[in-house]
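Just so you know, ligand 1 is whichever comes first in the structure, and atom 1 is the first atom listed for that ligand. For reference, positions follow the sequence shown, starting with 1.
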Amino acid sequence: MPRSTQVHKFGGASLATAEAMAHAVSIVLAHRPGPIVVVVSALAGVTDALLDIATKGLRGGATALRRKHSALARALFTGASRKKLISRVDETFAELKVPRKMTPAATDSLLARGEQMSARLFAAALEQAGCPVEYVSAADLIITDDTFGHASADLARTERAVRKTLGRLLARGVVAVVPGFIGATPDGQITTLGRGGSDLTATLLARALGAREVSLWKDVPGVLTADPRVVPDAHVVPQLHAREAAELAYYGAKVLHPRALIPLGKRNIAVRIRPFANPASTGTEISQRSTLLASPVKAISAIPGLALLTVTGNGMLGVPGIAARTFAAVQHAGVSVSLISQASSEHSICFTVPSGSAERARKSLRETFRGEIARQ
Ligand code: ADP
Ligand code: ASP
Ligand code: MG
């Protein structure tokens, strides 16, 4: 696989209008003729709308989605390709018959339509611009477990599938356009990689292809020192070590999917967060280099909607196994812990869980320590 391969991922905000789509196409063309894989998200707002349809069964939602995509197709294409794309839009969003109780698997198949449609539109736009291009189904590339809604890729299987499917295309100079966010189980059931998962699709493909660089084109000038919606005068961090970026993503910086850097490990594949509005800018480089900036603290992130649980009592001092039982109880409740602290006196253990799961975790803890609580 040629080391010169580049992966370019365009987020929803970068595809919202016909002008934006044309701009994204011009970015891809500017990086030719080297081997290029393009990953696209659903158009802005589409995944949220599909999720509303899945969870609330919102009638009329499908019509709005059909209109949004048809309008884009009409603005971008003429003649036969316009006709073909509009009928594909109609098929994709025609009647989204939602059963009363959606299974996680059915929800993923529904959500996948956003990326499938935007990738079709993007591939057609590249073709119209005279670029050799092929739409490649994500189900043929990203092989995952069956944790619907939050699937994890099987790296070895994904690597084999990607090399087999994309290798020959890229060697022929064809640009591959792949829907982000989506994978499939080995038996072909559609899964999704969690919200924001297109970043992860891009890094999974880059790993499998041994790519040189992954560009994530975003509506911000790069990774900023804080979320610009909270801190308007946040500024760009020019370079981050992969570990630093991974921590920021894990701890809530929405700019990067929390698991996006995992596939790259210590591989020498640079990830760039780049401003869609200004392709000449270098944005933020995420790589294996450590640089010291003026401040050792490079950025601040925040996760909303967490609850802090505290297990405390005098009887905990020097007693082996309290921590193990505490976290076994939380695991038993199926709750994931994001941060842990234990005071040096061993009188208390604090940890955070999503607020929505806090009561479940608390019940399980009270059950586990029922004897100790009764004995005070
Ligand atoms: P995409 O759909 O292209 O993946 P996202 O909306 O997921 O884009 O991520 C970009 C958004 O992340 C920005 O618009 C910004 O509001 C938010 N964000 C949160 N924290 C940061 C940060 N530290 N730096 C940059 N953007 C951030
Ligand atoms: N469209 C999906 C989402 O909104 C995936 C992505 O944008 O990366 O979460
Ligand atoms: Mg995102």
Side-chain angles (χ1 to χ4, degrees), residues 7-16 20-21 23-24 27 38-54 65 68-69 107-108 110-119 122 138 142 149-151 178-183 190-205 214-240 244-261 271-277 281 283-286 297-304:
V7 179
H8 291 269
K9 176 247 161 173
F10 295 95
S14 312
L15 302 165
M21 183 81 82
H23 181 57
I27 290 176
V38 177
V39 175
V40 293
S41 294
L43 309 186
V46 167
T47 308
D48 286 332
L50 286 166
L51 206 53
D52 273 347
I53 295 171
L65 287 175
K68 184 185 197 116
H69 288 86
T107 301
D108 275 4
L110 182 64
L111 293 185
R113 296 181 197 209
E115 266 71 9
Q116 286 162 345
M117 198 60 237
S118 65
F122 198 92
I142 309 293
H150 205 75
V178 182
F181 181 51
I182 312 170
I190 296 289
T191 54
T192 61
L193 307 174
R195 294 305 304 270
S198 300
D199 295 334
L200 181 54
T201 304
T203 54
L204 284 166
L205 295 177
V214 183
S215 296
L216 305 176
W217 296 94
K218 306 256 177 184
D219 63 347
V220 276
V223 175
L224 302 166
T225 46
D227 185 340
R229 291 166 300 185
V230 182
V231 183
D233 59 347
H235 56 262
V236 177
V237 184
Q239 197 271 344
L240 284 167
E244 294 172 316
E247 288 292 302
L248 277 173
Y250 183 69
Y251 282 110
K254 190 197 168 215
V255 66
L256 195 60
H257 182 280
R259 291 182 286 142
L261 294 173
V271 175
R272 282 186 181 281
I273 309 290
R274 303 176 74 170
F276 183 65
S281 157
T284 298
E285 177 197 287
I286 299 169
V297 177
K298 297 202 177 147
I300 293 172
S301 63
I303 311 182

Distance to 0.1 Å, residue and atom name: give those for the protein heavy atom nearest to [atom].
| atom | value |
| --- | --- |
| atom 3 (O) of ligand 1 | Gly11 CA, 3.2 Å |
| atom 5 (P) of ligand 1 | Lys254 NZ, 3.8 Å |
| atom 26 (N) of ligand 1 | Val255 CB, 3.5 Å |
| atom 8 (O) of ligand 1 | Lys218 CD, 3.7 Å |
| atom 5 (C) of ligand 2 | Glu115 OE2, 3.4 Å |
| atom 24 (N) of ligand 1 | Leu224 N, 2.8 Å |
| atom 17 (C) of ligand 1 | Arg229 NH2, 3.7 Å |
| atom 19 (C) of ligand 1 | Asp227 CG, 3.4 Å |
| atom 6 (C) of ligand 2 | Ser198 OG, 3.4 Å |
| atom 11 (C) of ligand 1 | Asp219 OD1, 4.0 Å |

Looking at Gly222, Ala44, Ala299, Gly180, the heavy atom closest to atom 25 (C) of ligand 1 belongs to Gly222
Check each of Gly194, Ala112, Gly12, Ser41 against atom 7 (O) of ligand 2 and report the one with the nearest heavy atom. Ser41
List ligand 2 atoms under 4.0 Å from Arg195, heavy atoms only on the residue side. 3 (C), 4 (O), 9 (O)
For Gly196, take its heavy atoms, then give the atoms of ligand 2 lying under 4.0 Å from any of them. 3 (C), 5 (C), 6 (C), 8 (O), 9 (O)
Quick one, [X] and [Y] - any side-chain contact, counting heavy atoms below 4.5 Å?
| X | Y | value |
| --- | --- | --- |
| Arg274 | Lys9 | no |
| Ile53 | Leu65 | yes |
| Leu240 | Leu248 | yes |
| Glu244 | Ile286 | no |
| Thr225 | Val231 | no |

Go through ligand 1 atom by atom and flag the ones less than 4.0 Å from a non-hydrogen atom of [X].
| X | answer |
| --- | --- |
| Gly12 | 2 (O) |
| Lys9 | 1 (P), 3 (O), 4 (O) |
| Val220 | 13 (C), 14 (O), 25 (C), 26 (N) |
| Val223 | 24 (N) |
| Ala226 | 22 (C), 23 (N) |

Backbone of [Y] reached by a side-chain donor or acceptor of [X] within 3.5 Å:
| X | Y | answer |
| --- | --- | --- |
| Ser41 | Ser198 | no |
| Glu285 | Arg272 | no |
| Thr284 | Val237 | yes |
| Lys218 | Val255 | yes |
| Arg259 | Leu193 | yes |
| Ser301 | Tyr251 | yes |

Strictly under 4.0 Å, does any heavy atom of Gly11 approach an atom of ligand 2? no
Mark the output for Pro228 as yes if a heavy-atom distance to ligand 1 is under 4.0 Å, and as no if none is. yes
Contact (N/O only, under 3.5 Å) between Asp199 and ligand 2: no
N/O to N/O below 3.5 Å, does that happen between Phe181 and ligand 2? no
Flag the pair Lys254 and Asp199 as a salt bridge only when some basic side-chain nitrogen lies within less than 4.0 angstrom of an acidic carboxylate oxygen. no
Between Leu200 and Ala260, which heavy-atom pair has the shortest distance, and what is it? CD1-CA, 4.0 Å
Ignoring hydrogens and angles, state whether a donor on the side chain of Thr191 or Asp108 is under 3.5 Å from an acceptor on the partner side chain. no
